[in-house]
Visitor: 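Can you read through this structure? Questions will come right after.
Only heavy atoms go into these numbers, but all of them, side chains included; no hydrogens, no water, no symmetry mates.
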Amino acid sequence: MTAMGIQQQADNVQELIETSRSSIADGHFIDISEVEEKMTRLFDTVSKNPEACLGVDVGKIAGSLANLMGDLDNLENDLDRQHQSLSTENTVSPNSAAQAYQS
């Protein structure tokens, strides 16, 4: 694996994260298993191919991976907000339950 190949994998994961966040923003539910799988594959590739980073701008790859981790954190926050809003929307207030019985 070359540094360029690693960068391409990172770009693909980042694109998938952006697409997932956009889907969440549009109110859709997503399956993050593909994101998790690609992240695992990317970090396995990096750890198994340290020679790919020889003679390249390690700062650039490290920066790219750090940005990717930040994007993954943002995706996690989006998912948390989506789940919290579902819990809030499905909660029936005590007053509304009492009013339903009074009708």
Visitor: Enumerate donor-acceptor pairs with a distance under 3.5 Å from any side-chain N or O in residues 62-74 to protein atoms, sequence neighbours excluded.
Guide:
| unit_1 | atom_1 | unit_2 | atom_2 | d |
| --- | --- | --- | --- | --- |
| Ser64 | OG | Gln7 | NE2 | 3.0 |
| Asn67 | ND2 | Gly63 | O | 3.4 |
| Asp71 | OD2 | Gln14 | NE2 | 2.5 |
| Asn74 | ND2 | Gly70 | O | 3.4 |

Visitor: Taking Arg41 first and then Asp44, would you say they form a salt bridge - that is, a charged N and a carboxylate O separated by under 4.0 Å?
Guide: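 The answer is no: the pair does not qualify as a salt bridge.
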Visitor: To the closest 0.5 Å, what do you measure between CG (Asp78) and CD (Gln82)?
Guide: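 Nearest 0.5 Å value for the CG-CD distance: 8.5 Å.
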Visitor: Within a strict 4.5 Å, meaning less than it, do heavy atoms of the Leu75 and Ile30 side chains meet?
Guide: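 Answer yes - side chains close enough.
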Visitor: Working to the nearest 0.5 Å, report the span between CD1 of Ile17 and CE of Met39.
Guide: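 Separation between the atoms: 5.5 Å.
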Visitor: Going by side chain to side chain contact (heavy atoms under 4.5 Å, CB included), name the residues that satisfy it together with Asp26, two or more places apart in sequence or in a different chain.
Guide: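 Expected list: Ser22, His28.
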Visitor: Going from OG on Ser20 to CD on Glu18, what distance comes out if it is rounded to the nearest 0.5 angstrom?
Guide: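 Rounded to the nearest 0.5 Å, the OG-CD separation comes to 10.0 Å.
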Visitor: Quick one: CD1 on Ile32 to NZ on Lys38, what's the gap to the nearest 0.5 Å?
Guide: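 It is 14.5 Å, given to the nearest 0.5 Å.
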Visitor: Do Asn12 and Gln8 pair up side chain to side chain, a donor and an acceptor below 3.5 Å, judged on atom types alone?
Guide: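 There is such a pair between these side chains.
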